[in-house]
Number of protein chains: 2
Amino acid sequence: MPLTDSATVMIAAEPTMPLCFLRGQRIHEAGAMGFPWRVSRGVVRFDTTEIDGELSFAGLAMEGDLVGAEVLMFGRFAHRATALTSCQLEPWPGRMGQDRDSLLQALARAEQRAADVVALRSGQAMARVCRLIELLLPRAATTPLKAELPPLRDMAEITALTVETVSRMLSGLRRQGALEPDRERRGNGSKSCRVSRELLVAA
Amino acid sequence: MPLTDSATVMIAAEPTMPLCFLRGQRIHEAGAMGFPWRVSRGVVRFDTTEIDGELSFAGLAMEGDLVGAEVLMFGRFAHRATALTSCQLEPWPGRMGQDRDSLLQALARAEQRAADVVALRSGQAMARVCRLIELLLPRAATTPLKAELPPLRDMAEITALTVETVSRMLSGLRRQGALEPDRERRGNGSKSCRVSRELLVAA
DNA sequence: CGAGCGATTGAACCAGGTCAAACGGGGTGG
DNA sequence: CCACCCCGTTTGACCTGGTTCAATCGCTCG
């Protein structure tokens, strides 16, 4: 699973190997051509182009979700896709064709994810941030439990809060011990920090 | 296209005729069994059951979108569905089977709708309410342009505002002439009111 | 008629937004 | 190596848009 930069994705031939992206890397632009993927690890952020040409947050894809299935229909990606956390994508459909059940499952997953995202924009700021962190927790349970947090800017746009508010909520969580207080690497490096799920849901 | 009450939907045999629902009528409960539909007119609201058992707004389905495709996969509806405006549903798939393209198209529509809903929860209160009203405008252009507004409670839950705020925004729009000032029937009657799209986007 | 419910409006409050300043680490150029 | 800048983050102080609470209205239905 080689690391790539976004340019590598603009390949003409159908990919056969999984691709890895680092936190913040572009996966594809809206309107670009390419092939569909399935998220095998991490979280992908979608942005849509508004009528005024601005890009705005449109959704998330998590482990098992499809990315860009619409290219099979329309030949172009509908949204910009970015790696919210470092993530791994595998070509879809792999060796199996797109059978009815895979597509139905993808549809059900998409609706579930949409409901998750809507929930991230309901309720008080602290609750939203906590729910987002929970979503970002790795699917495979690990000890100690660690989460790779996206830049505050992303967390703010996803929760419809401001970076300042998100920062204050994270400070609060650290004060309560729900989050590891240590600052982490900046840049593209992994920014995992230990999380206490109990204290998170309590907050 | 006969009017029905929600009980009628709990039929065991696959439906062959379109069904109509009035504003506010239940279409199906989360976890119920039934068959998938396609919205041919109006707007449907989905609610999901949270971990604590509470129901909360999860999404919308508009003209052309599928409702409850997941029953083909899991045998049960994932969400509660309610008629946000009076609407017409037709059995899906109709005489055509669920071919690859229909499913892909449904997937693309679902993602588009999810992005719409997310956008309804961004920005200032007035902008959210205006965007929601635009979404509720009938797809087929009519003169004069009329929209059937859901109860304020629904509009509030969809936009993540309070009923009081929504009411104030609607009052503002009426004052500006973007909305017909006349009060409309309550209850299940149609509650259409004239809308000026220009004044709406200006507000 | 009275109960009940959705809608409306006013007044007070506050959670979160806004603005501003400062920090800290990484990268770059001298 | 250091100086400098850039950018993401943090924190404080203030302000406001939206929430909250409460009262009222209008319509429907029993």
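As a basis for the values below, the full set of heavy atoms in this structure was taken, side chains included, without hydrogen atoms, waters or symmetry mates. Letters go in sequence order (proteins before strands), and every chain restarts at 1. Owing to the predicted nature of the structure, the values given are computational and were not obtained by experimental measurement.
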Quickly work out the [X] [atom1] to [N] [atom2] distance and round it to whole Å.
X	N	atom1	atom2	answer
B:Leu161	C:dG16	CG	P	14 Å
A:Glu157	D:dG8	CD	C1'	13 Å
A:Arg23	D:dG8	CZ	C1'	10 Å

Taking the side chain as every heavy atom from C-beta outward, state whether A:Ser86 and A:Phe21 have any atom pair closer than 4.5 Å.
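Contact flag for A:Ser86/A:Phe21 side chains = no.
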Sub-4.5 Å side-chain heavy-atom contact between B:Leu132 and B:Ile158:
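Counting from C-beta outward, B:Leu132 and B:Ile158 do come under 4.5 Å.
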So A:Ala160, base contact, sugar-phosphate only, or nothing? Heavy-atom distance under 4.0 Å.
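It contacts sugar-phosphate atoms only.
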At less than 4.0 Å, is any side-chain N or O atom of B:Arg174 found next to OP1 or OP2 of C:dT8? Yes or no.
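Checking B:Arg174 against C:dT8: at least one side-chain N or O falls below 4.0 Å of OP1 or OP2.
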Applying the side chain to side chain donor-acceptor pair (under 3.5 Å) test to A:Arg45, which of A:Asp154, A:Thr85, A:Thr82 qualifies?
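Of A:Asp154, A:Thr85, A:Thr82, side chain to side chain donor-acceptor pair (under 3.5 Å) with A:Arg45 is met by A:Asp154 alone.
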For the pair A:Arg168 and A:Glu164, find out whether any cationic side-chain nitrogen is under 4.0 Å from an anionic carboxylate oxygen.
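Salt bridge: no.
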Do A:Arg131 and A:Ser122 have side-chain N/O donor and acceptor atoms under 3.5 Å apart?
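There is no such pair between these side chains.
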Would A:Asp101 and A:Gln105 count as having a side-chain donor-acceptor pair, cut-off 3.5 Å?
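There is no such pair between these side chains.
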Contact residues, residues 119-137 of chain B to DNA chain C [heavy atom, < 4.0 Å]
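Per residue number, the list is empty: none.
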Do A:Arg139 side-chain atoms and A:Leu137 backbone N/O form a donor-acceptor pair below 3.5 Å?
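Pair found, side chain donor or acceptor close to backbone of A:Leu137.
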Should the pair B:Phe46 and B:His79 be assigned to parallel (<30°), tilted (30 to 60°) or perpendicular (>60°) ring geometry?
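Tilted: the ring planes of B:Phe46 and B:His79 meet at 30° to 60°.
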Near DNA chain D, under 4.0 Å by heavy atom, which residues of residues 163-172 of chain B?
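B:Glu164, B:Thr165, B:Arg168 - these, ordered by number, are the residues of the stretch whose heavy atoms sit under 4.0 Å from the strand.
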For the residue pair B:Ala69 and A:Leu104, what are the closest heavy atoms and their distance?
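Scanning both residues completely, I find the closest heavy atoms to be O-CD2, 3.8 Å.
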Which heavy atom in A:Met155 sits nearest to a heavy atom in A:Pro150, and how many Å separate them?
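Nearest heavy atoms, A:Met155 then A:Pro150: SD-O, 3.8 Å.
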With side-chain contact (heavy atoms from CB on, under 4.5 Å) as the criterion, how do B:Leu135 and B:Val43 come out once you've worked through the C-alpha distance, each side chain's angles and the decisive distance to 0.1 Å?
CA-CA 9 Å; B:Leu135 272 193; B:Val43 182; over 6 Å; no
Tell me the bend of the helix from C:dC1-D:dG30 to C:dG30-D:dC1 as the angle between end helix axes, each from five pairs, rounded to the nearest 10 degrees.
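The helix from C:dC1-D:dG30 to C:dG30-D:dC1 shows an end-to-end axis angle of 30°.
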